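Just so you know, ligand 1 is whichever comes first in the structure, and atom 1 is the first atom listed for that ligand. These numbers come from a predicted model, not from an experiment.
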Amino acid sequence: MAIIAHLDLDAFFASCERVRYPDLAGKAIVICIFSGRGEETGAVSTADYAARELGIGAGMPIRQAKHIAESADADVAFLPADKEYYAMVSERVMSIIEEYADDIEVASIDEAYLDLSSSGSYADAVQEMRRLKQEIKADTGVTASTGIGPNKLVAKMASDQDKPDGLTVVTPENVQDFLANLPVRELYGVGPKTAQRLESMNVTVIGDLAETAVQRLIEMFGEAKGVSLHRKANGEGSTELEQREKKQLSRITTLQEDTRSMSDIRPVIRELARDVHRRLRQRDIQYSTVTVIVISSERKTRTRSRTLPAATCSLETMYSTSEILIDEFLSGHPEERLRRVGVRVGNLSNGMQETLDAFG
Ligand code: DCP
Ligand code: CA
């Protein structure tokens with residue numbers, strides 16, 4: 001029995017800024033992609049939930065969003081998007097998620113699917129996701145909404161039901177009820193045009209669509225789309241997670257207490273390296289870059305990297321390089337104590353292929 005979870009971070013870019021600038025407490029946040037020289041041209045990238053209540057949303061011209069904020073006399077901070085920073089928060093979140101499932105699919109900067117089938121039951125999967133949500137919140141400060149279901153489609157739609165910070169579970173026996181009363185436009189992959197055509201056929205909720213003869217849908221939308229709509233409306237979806245080619249593998253953890261003592265940090269690094277190494281071995285991959293990620297007591301994240309002369313799969317090299325890098329970092333930052341440490345390997349190459357090439 002497949003159990004799939006979907007996780008989507010809440011008002012992601014805005015949440016990242018709230019973590020970075022605690023002084024924004026009490027203000028609504030709008031993230032802007034400025035396109036011109038002025039402070040007015042460009043579009044809203046995302047708005048936090050307070051700004052959404054005013055009617056501000058992604059895609060809206062900045063000028064219009066500012067006008068709404070002024071008319072409502074609301075305290076709204078308009079901030080430029082800092083994608084590099086968001087990407088780093090995303091990477092931290094994804095590396096936490098990796099610890100919770102054997103397989104994950106990173107679907108976008110703030111979304112991932114997890115295969116929780118091995119947890120055995122929905123009750124256990126729920127516990128896992130609760131812990132994961134808490135860990136993400138504690139480590140990065142951002143909240144996630146999650147859904148659990150028998151396939152990716154249901155999990156994704158479930159995660160949308162209770163935002164922010166929600167957890168919605170749809171067991172196989174509840175799939176039909178869950179979908180029945182949702183408007184057709186909420187069926188994942190149904191755009192506004194399709195929704196309009198369906199509504200003109202008096203198909204307004206997904207339950208109506210599920211009951212519409214597949215032949216009729218094929219007549220309306222063609223073979224492929226008609227069949228796909230029929231399947232989706234009946235809650236059928238894929239359980240295959242698409243593993244992107246991994247560019248790097250990492251593992252990060254929180255130290256028992258903030259410390260700068262190598263005797264505390266060393267065994268933790270060894271443990272992290274062992275885990276990363278195990279995953280490399282499973283995939284028969286070699287690495288040629290080692291990076292340590294250090295997060296200080298003040299929650300500042302920094303990395304130190306070293307590129308090796310040749311690709312290797314050695315655990316010992318990973319471990320000793322990480323230790324040197326941490327040591328260097330601590331020497332350069334005599335005031336800092338570490339809260340979290342991570343080990344990452346990159347420049348991955350296929351181990352077997354390398355060996356074959358060497359013979360060729
Ligand atoms: N994004 C963007 N422009 C858009 C949509 C999204 O720049 N038109 C960026 C900003 C978002 C991030 O992508 O923070 C994730 O997109 P989501 O659609 O998941 O939106 P949010 O995470 O902001 O909000 P929600 O809580 O609804 O998921
Ligand atoms: Ca999101």
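The environment of CD in Gln64 is crowded: more than 12 heavy-atom neighbours from other residues, nucleotides or ligands sit within 6.0 Å. No more than 12 heavy atoms of other residues, nucleotides or ligands lie within 6.0 Å of CZ in Arg185, so this atom counts as exposed by the packing criterion. Applying the 6.0 Å contact sphere to CD of Gln176 captures no more than 12 heavy atoms from other residues, nucleotides or ligands. Other residues, nucleotides and ligands place no more than 12 heavy atoms under 6.0 Å from the CD atom of Glu257.
Of the listed residues (Lys83, Lys163, Arg52), the one carrying the non-hydrogen atom nearest atom 24 (O) of ligand 1 is Arg52.
Within the 4.0 Å cut-off (strictly below), a protein heavy atom is located near atom 26 (O) of ligand 1.
Proximity of Tyr49 to ligand 1, defined as any heavy-atom pair under 4.0 Å, is confined to the side chain (atoms from C-beta onward). The residue Glu111 has no part lying near ligand 1, judged by heavy-atom distances below 4.0 Å. Of the heavy atoms in Glu17, none comes closer than 4.0 Å to ligand 1. With a heavy-atom cut-off of 4.0 Å, Ile109 does not touch ligand 1 at all.
Listed by number with element, the atoms of ligand 1 under 4.0 Å from a non-hydrogen atom of Leu9 are 22 (O), 26 (O), 28 (O). Close contacts of ligand 1 with Phe12, meaning ligand atoms under 4.0 Å from a residue heavy atom, involve 14 (O), 21 (P), 22 (O), 23 (O). Set against the non-hydrogen atoms of Ala11, the atoms of ligand 1 under 4.0 Å away are 21 (P), 22 (O), 23 (O), 24 (O), 25 (P), 26 (O). Which parts of ligand 1 touch Asp8 is read off a 4.0 Å heavy-atom cut-off, strictly below it: atoms 19 (O), 28 (O).
Here ring-ring contact (aromatic ring centres under 6.0 Å, His included) pairs that include residues 84-131, with residues two or more places apart or in two chains, are His6-Tyr113, Phe13-Tyr86. Listed by first and then second residue, the side chain to side chain donor-acceptor pair (under 3.5 Å) pairs involving residues 205-221 are Thr204-Asp208 (not counting sequence neighbours).
In this structure, the protein non-hydrogen atom closest to atom 8 (N) of ligand 1 is Ala58 CB, 3.8 Å. The protein atom (non-hydrogen) at minimum distance from atom 13 (O) of ligand 1 is Phe13 CZ, 3.9 Å. Regarding atom 7 (O) of ligand 1, its nearest protein heavy-atom neighbour is Ser45 OG, 2.8 Å. Taking atom 17 (P) of ligand 1 as the reference point, the nearest protein heavy-atom neighbour is Asp110 OD2, 4.1 Å. What sits closest to atom 20 (O) of ligand 1 on the protein, heavy atoms only, is Thr46 OG1, 4.3 Å.
Distance CD1/Ile324 to CZ/Arg304: 14.0 Å, rounded to 0.5 Å. The distance from atom CD of Gln127 to atom CG of Leu132, rounded to the nearest 0.5 Å, is 12.5 Å.
Ligand 1 is never approached by Pro164 to a heavy-atom distance shorter than 4.0 Å.
A cation-pi arrangement is found for Arg270 relative to Tyr319, the charged atom lying closer than 6.0 Å to the ring centre and inside a 45° cone about the ring normal.
Through chains of ILVMFWY side-chain contacts below 4.5 Å, Met201 is grouped with Leu153, Val154, Met157, Val170, Val175, Phe178, Leu179, Leu182, Val184, Leu187, Tyr188, Val190, Leu198, Val203, Ile206, Leu209, Leu217, Met220, Phe221, Leu229.
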What do the steps show when you test Lys152 against Glu105 for salt bridge (charged side-chain N to carboxylate O under 4.0 Å, His left out), and what is the final call? CA-CA 10 Å; Lys152 285 161 73 175; Glu105 174 181 334; 2.8 Å; yes

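When each of Asp8, Asp139, Asp162, Asp165 is paired with Lys133, the salt bridge (charged side-chain N to carboxylate O under 4.0 Å, His left out) condition holds for Asp165 and for no other.
With hydrogens and angles left out, the side-chain atoms of Asp10 and Thr143 include a donor and acceptor closer than 3.5 Å.
Residue-and-atom listing of protein N/O/S atoms under 3.0 Å from the Ca ion (ligand 2), sorted by chain and number: Asp8 OD1, Leu9 O, Asp110 OD2.
At least one side-chain heavy atom of Leu167 sits less than 4.5 Å from a side-chain heavy atom of Arg130.
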